[in-house]
Number of protein chains: 2
Amino acid sequence: MTATQAGSQAVDRAAALLALVVESGDPRTFTSLVEDVGLAKSTTSRLLQALERNRLVRRDRAGSFHPGPLFAVYAARHDTTGDLVELAQPAMDRLSELTGETVNLAVPRAGELVQIAQVDSSYLLGATNWLGVSVPPHCTALGKVFYAHRVMALQKGELRWPTDRAMTRPQLERELAEVVRRGWALAWEELEEGLAAIAAPVHAADGSVVAAISVSGATTRITRSEVPGLGATLVEQGRTISQLLGHQP
Amino acid sequence: MTATQAGSQAVDRAAALLALVVESGDPRTFTSLVEDVGLAKSTTSRLLQALERNRLVRRDRAGSFHPGPLFAVYAARHDTTGDLVELAQPAMDRLSELTGETVNLAVPRAGELVQIAQVDSSYLLGATNWLGVSVPPHCTALGKVFYAHRVMALQKGELRWPTDRAMTRPQLERELAEVVRRGWALAWEELEEGLAAIAAPVHAADGSVVAAISVSGATTRITRSEVPGLGATLVEQGRTISQLLGHQP
DNA sequence: ACGCAGGTTCCACAATATGGAACTTCGCCG
DNA sequence: CGGCGAAGTTCCATATTGTGGAACCTGCGT
């Protein structure tokens, strides 16, 4: 067998098995792993037992294999923000190429909208660096995505609007229903005059919305007639990221 | 070398190295791994290269080792609730042994309090199964922990109290400051007459509060004089879980 | 009771993994 | 600027491990 490097065939084989289990998303039977890995049953059995003994896989009562406690420890103590950013980066770069505008990724956290990554605009008149900037979510496209999908609760009390494009609460609720229907959200000069943004959701494997991705720029470039096309593009890129997270539409 | 089983020494060795990297929390140098694992430098180098090739570790620019992309994939697409429950289970069992009362674990999610695990009371007069039950957080011990640590925002508007033990908002704010000071929260017949609960926070590696653990039961058993002692016990078990998450006080 | 699928164990032997030595690279210090 | 030491990599003779075919075990369905 062709080896990338001498003296690690057993480790390579065990790792290949491990990758099959971790990337599967579903429990894996011994037989299905034997078929996929292409090794003798005895070899596969021995390698799986070594992986189990070392907490890299675990078996459920039916005997099927799952990622083991070492993965759980990593996930439980690791801030996955970096992982999400890493997975989302190609889609964000793609959006940047396609539009030349500022691209952002945000997550809902402690009931607030948190920007975790940004690809800057190629225009001089671009949006600010939004990371760490606190904005009223109801007048942002990203915030509307989170409100529409109920991963953030719309605050009670008076909603303040920084521009004169104020909405009543019923108007906003109708807007949010529209976001769910068409898949994307728009904020047109609601946060600042001359600033437009479109956003779409990112779903986890279980379908829940865990992030949103957006494009923003000047209304002199992002015309009203372009918005539906941009919205469709954002939905598509949001779907791409969701699929990387194991979501199946 | 004593082997648990024939034919997997290389996998066991590679897995031991991997565990050192994943459980470390910090980047690991090649030299520090050689020291800890106790193998020849050439063996360690070869095993680490195999782990890197198989995406189980990665090296940063300085050459130090980190958990690799396979862990990131797992974390990004895996709901870590199950992992947190698994890590917290021994501490919850311990609290159940010590008190005999209902023990709960909750997380803040989308600005709301979500119960994710419970160990039932050994008493007949025990608390309900809280999982999935929506309660007003301001009159629960768990909710007070989240409000006190600002991982949930106290709602504007009138606070409704199901019993006659209502508090004014300033009274509640003072209570929350007290929660931070002494480390634990108390709800004494605020949710229901005859029901008492004490809760303490669980911290992630970065210090942020990601969960809370509580004990609840009838005021006929949980007397007022016992509350401080129970509070201290909960703080201790909360700290135990936090340490498993990589938090260092 | 029998057959079969899923999975485990045994062991002769082929071939891999080992580690000591040699080597490379880089930063620090005189 | 050269020497030195630490960190890390590569080489290869050889010891010993990992392999897979065969035999075996277990549970379930007929």
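All values below come from the heavy atoms of this structure, side chains included, with hydrogens, waters and symmetry mates left out. Below, read A as the first sequence line, B as the second, and so on, with proteins coming before strands; counting in each chain starts at 1.
The nucleotide whose nearest atom lies closest to any side-chain atom of A/Thr31 is, among C/dG6, D/dG18, D/dG20, C/dG6. Residue B/Ser42 places its side chain closer to D/dC11 than to any other of D/dG18, D/dG8, D/dC11. When each of C/dT18, C/dG7, C/dT8 is scored by its nearest atom to the side-chain atoms of A/Gln49, the top-ranked nucleotide is C/dT8.
The phosphate of C/dA17 has neither OP1 nor OP2 within less than 4.0 Å of any side-chain N or O from B/Arg13. Put simply, A/Thr43 has no side-chain N or O that comes within less than 4.0 Å of OP1 or OP2 on D/dT19. Under 4.0 angstrom from either OP1 or OP2 of C/dT18 there lies at least one side-chain N or O belonging to B/Arg46.
Defined by atom type and a distance below 3.5 Å, a donor-acceptor pair is present between the side-chain atoms of B/Ser32 and B/Arg28. At a cut-off of 3.5 Å, with distance as the only test, no side-chain donor of B/Glu52 or B/Asn54 sits close to an acceptor on the other residue.
For the pair A/Arg53 CZ and C/dT8 P, the computed distance is 13 Å after rounding to whole Å. In this structure, CG of B/Asp36 is placed 14 Å from P of D/dA7, rounded to the nearest angstrom. Rounding to whole angstrom units, CG of residue B/Leu48 and P of C/dG19 are separated by 14 Å. Atom CG of B/Asp12 is separated from atom C1' of C/dT16 by 16 Å (rounded to the nearest Å). Distance A/Lys41 NZ to C/dC4 P: 14 Å, rounded to the nearest Å. Taking atom CG of B/Leu17 as the reference point, atom C1' of C/dT18 lies 14 Å away to the nearest angstrom. Remark: P of C/dA17 and CG of A/Leu47 are 11 Å apart, rounded to the nearest angstrom.
Nearest heavy-atom pair across B/Val151 and B/Val209 is CG1-O, 3.4 Å. A/Phe71 and B/Tyr74 make their closest contact through O-CE2, 3.3 Å (heavy atoms, listed as atom of the first residue, atom of the second, distance).
Annotation: of the two residues near DNA chain C, A/Arg59 and A/Ala10, the 5′-most nearest-nucleotide partner is A/Arg59. Taking for each of A/Phe30 and B/Ala40 the nucleotide of DNA chain C with the nearest heavy atom, the 5'-most of the two is the partner of A/Phe30.
Not a single salt bridge (charged side-chain N to carboxylate O under 4.0 Å, His left out) links A/Arg58 to another residue, sequence neighbours left out.
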